[in-house]
Amino acid sequence: MALEAIQTVTQAEAKAKADRDAAVAQSRQKLAEAQREAKQTVEEARQKAREEARKMMAAAEEKAAQLTRDELTRAEKDCEQLKRNARGRLEEAAQLIVGRVVEG
């Protein structure tokens, strides 16, 4: 009976060790999977951030280009108005000069 008890205890210890070793292996496997998933998640987040930054830069560049076009258009209109004003005064200036030459 004592021999059977020793064998039973030995078998139970062996089974416990095997179960513990299997649990450790399973835990290591789960840890490795979790680390791979975490790396993949981080890389996906980085890729998404890069893409979002690229889109934001493109939008900012387009907005800057539009503002530049708008400002150039406004400046062109201002220049045209100044030219029209100058042309209108040209006749006055010519008459003033002629008047001074004739009087002088």
Side-chain angles (χ1 to χ4, degrees):
M1 181 92 169
L3 185 59
E4 286 179 24
I6 292 173
Q7 287 177 341
T8 302
V9 169
T10 302
Q11 288 174 352
E13 287 175 347
K15 182 174 182 339
K17 183 180 182 315
D19 289 347
R20 186 174 56 245
D21 291 346
V24 168
Q26 186 178 17
S27 293
R28 286 184 181 152
Q29 181 180 359
K30 285 183 179 182
L31 177 61
E33 287 175 16
Q35 287 174 335
R36 277 193 301 273
E37 288 176 8
K39 284 181 182 179
Q40 182 178 357
T41 301
V42 167
E43 185 54 37
E44 288 172 359
R46 284 183 180 152
Q47 183 63 30
K48 186 176 180 181
R50 282 191 291 267
E51 181 63 22
E52 188 66 26
R54 186 193 65 73
K55 287 179 182 178
M56 289 172 68
M57 285 297 292
E61 288 172 358
E62 177 55 35
K63 185 175 182 180
Q66 184 60 47
L67 289 172
T68 300
R69 288 189 296 269
D70 293 347
E71 187 61 25
L72 287 172
T73 300
R74 188 191 62 75
E76 187 177 327
K77 288 178 182 177
D78 289 348
C79 286
E80 288 300 319
Q81 184 62 42
L82 289 172
K83 286 179 187 177
R84 281 192 296 276
N85 292 344
R87 285 185 192 118
R89 292 183 185 159
L90 186 59
E91 184 65 31
E92 281 180 43
Q95 288 176 1
L96 181 66
I97 292 170
V98 168
R100 285 190 181 176
V101 169
V102 170
E103 289 175 7

Neighbour count >12 (heavy atoms, 6.0 Å) for atom CZ, Arg28: no
Euclidean distance, Glu71 CD relative to Thr68 OG1, rounded to 0.5 Å: 8.5 Å
Check against side chain to side chain contact (heavy atoms under 4.5 Å, CB included), Glu44 and Gln40: CA-CA 6 Å; Glu44 288 172 359; Gln40 182 178 357; 3.1 Å; yes
Presence of salt bridge, Lys30 and Glu33, under 4.0 angstrom: no
Presence of salt bridge, Asp21 and Lys17, under 4.0 angstrom: yes
Spacing of Ser27 atom OG and Arg20 atom CZ [to the nearest 0.5 Å]: 12.5 Å
Distance in Å, Lys39 NZ paired with Glu43 CD, rounded so as to fall on 0.5 Å steps: 11.5 Å
Charged N-O contact under 4.0 Å between Glu51 and Arg54: yes
Between CD on residue Glu13 and CD1 on residue Ile6, distance to nearest 0.5 Å: 10.5 Å
Evaluation steps, side chain to side chain contact (heavy atoms under 4.5 Å, CB included), between Glu61 and Met57: CA-CA 6 Å; Glu61 288 172 358; Met57 285 297 292; 4.2 Å; yes
Over 12 foreign heavy atoms within 6.0 Å of CZ, Arg50: yes
Distance, nearest 0.5 Å, that separates CG of Asp70 from CD of Gln66: 4.5 Å
Lys/Arg-Asp/Glu bridge criterion (N-O < 4.0 Å) met for Glu52, Lys55: no
Verdict with supporting geometry, Lys83 and Glu80, salt bridge (charged side-chain N to carboxylate O under 4.0 Å, His left out): CA-CA 5 Å; Lys83 286 179 187 177; Glu80 288 300 319; 3.7 Å; yes
Atom pair CG (Leu67) and CD (Glu62), whose distance is rounded to the nearest 0.5 Å: 10.0 Å
